[in-house]
Every structure is written in C-alpha cells, then in structure tokens.
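What follows is one structure encoded as structure tokens, with my remarks underneath.
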Number of protein chains: 2
Amino acid sequence: MASEMKINHSEKAYELLRADAEKILKLIKVQMDNLTMPQCPLYEEVLDTQMFGLSREIEFAVRLGLINEKDGKSLLDSLERELSALHEASTRK
Amino acid sequence: MASEMKINHSEKAYELLRADAEKILKLIKVQMDNLTMPQCPLYEEVLDTQMFGLSREIEFAVRLGLINEKDGKSLLDSLERELSALHEASTRK
C-alpha cells in the first residue's frame, strides 16, 4: 500500500510535468503563428520565464523524491530540442 | 501505511517550501546589507524571479495534493509581509 501511494504521487508528478512542458510548447507555437517573431525580445522573455518555471517544478519533484533527476533532465532537454526545431522551422518560413 | 506515506510526502513538501521561502528572505537580507539598494532594478528582478519560482513550486505541490491551497497562499503572503518589513526598515536607515 505504501509503495502504491508513492507510485501514485510519482505518476501524478510525471503527468503534471509532461502537461506543463506540452503547454509551453503550445504557447510558443501560438506565439510564433500569431503574435510575435522569434527575434522579438518579448518572445525570449516569455520563453525564459516558462522554462525557468518548469525547471523549478522539476527540481522540486526531484527533491521530493517523486521523479528521478535523469528523467527530469531528459524532460527539459527534449522540450528544448522541440522548441529549437520549432524555432528553426519558423525562421525558414 | 498509505496515508502515512502521503503524510510524509506532504510534510516533506511543506518543509522544502518553508526552506525555500527562508532562502529568499536570507538572499534579500544579504542583498540589502551588502550589495545593492532596494531601488536598484537588479534587486527587483532577483526578487521577482525568486518569488515566481517559489510560487510555481507551491502551485505544483497544491496540484499534487501535497499541500492545501490556503497554506500555500499563506506561506507566500507571510514571506511578502516579511520582505516588505525588511524593505521598509532598510529605507529608513
């Protein structure tokens, strides 16, 4: 029962973090499609703020022992890769 | 056993969040004593960034069901009160 509880919190943490990463990706897509150019400082600032927020959440989940550090790092890395692919695609338009 | 596990994660979350709030307070004290004036834009920026980071951690813990929303809000509020008392004291120097 105890480990089941732990798994549930852990699963929930992964789920929330993945959803938050997805949200950042969507936000940046919307920004790119509609609002501002990637060269715009506002875009950079929004992205930096969101990435910082997510990295703090991940760090917190690691400190709580709910996710492991490697998974947290790989979640951030893969988001960064997707964002830079998006960025590249948009500058080629 | 299951609820004991939950309590442990919950206690740990409160503990980490309180420690983080304390860290912000100390950082700002050091800044005030040694580095910059409260009127300095850098000071404002550091404080904003730290408060944003803490509020994201609190929000995340609430979403995980580890702390309740009211406690999270009161942690942030009390930190803000302490910071503004500090700020006031330093401008009277």
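Each chain gets a letter, A, B and so on, in the order the sequences are listed, and its residues count up from 1. Basis for what follows: all heavy atoms, side chains included, without hydrogens, waters or symmetry-related copies.
Within the 4.5 Å cutoff, side-chain heavy atoms of Asp20(B) are placed close to those of Arg63(A). Considering only heavy atoms from C-beta on, Thr49(B) stays 4.5 Å or farther from Thr49(A) through its side chain.
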CA sep, side-chain torsions, deciding dist, call: Leu66(B), Leu66(A), side-chain contact (heavy atoms from CB on, under 4.5 Å): CA-CA 12 Å; Leu66(B) 292 176; Leu66(A) 292 177; 4.2 Å; yes
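Close approach to chain A, defined as a heavy atom under 4.5 Å from one of its heavy atoms, is seen in Phe52(B), Gly53(B), Leu54(B), Arg56(B), Glu57(B), Phe60(B), Ala61(B) of residues 51-61 of chain B, taken by number.
Among all heavy-atom pairs drawn from His9(B) and His9(A), the shortest one is ND1-ND1, 4.0 Å.
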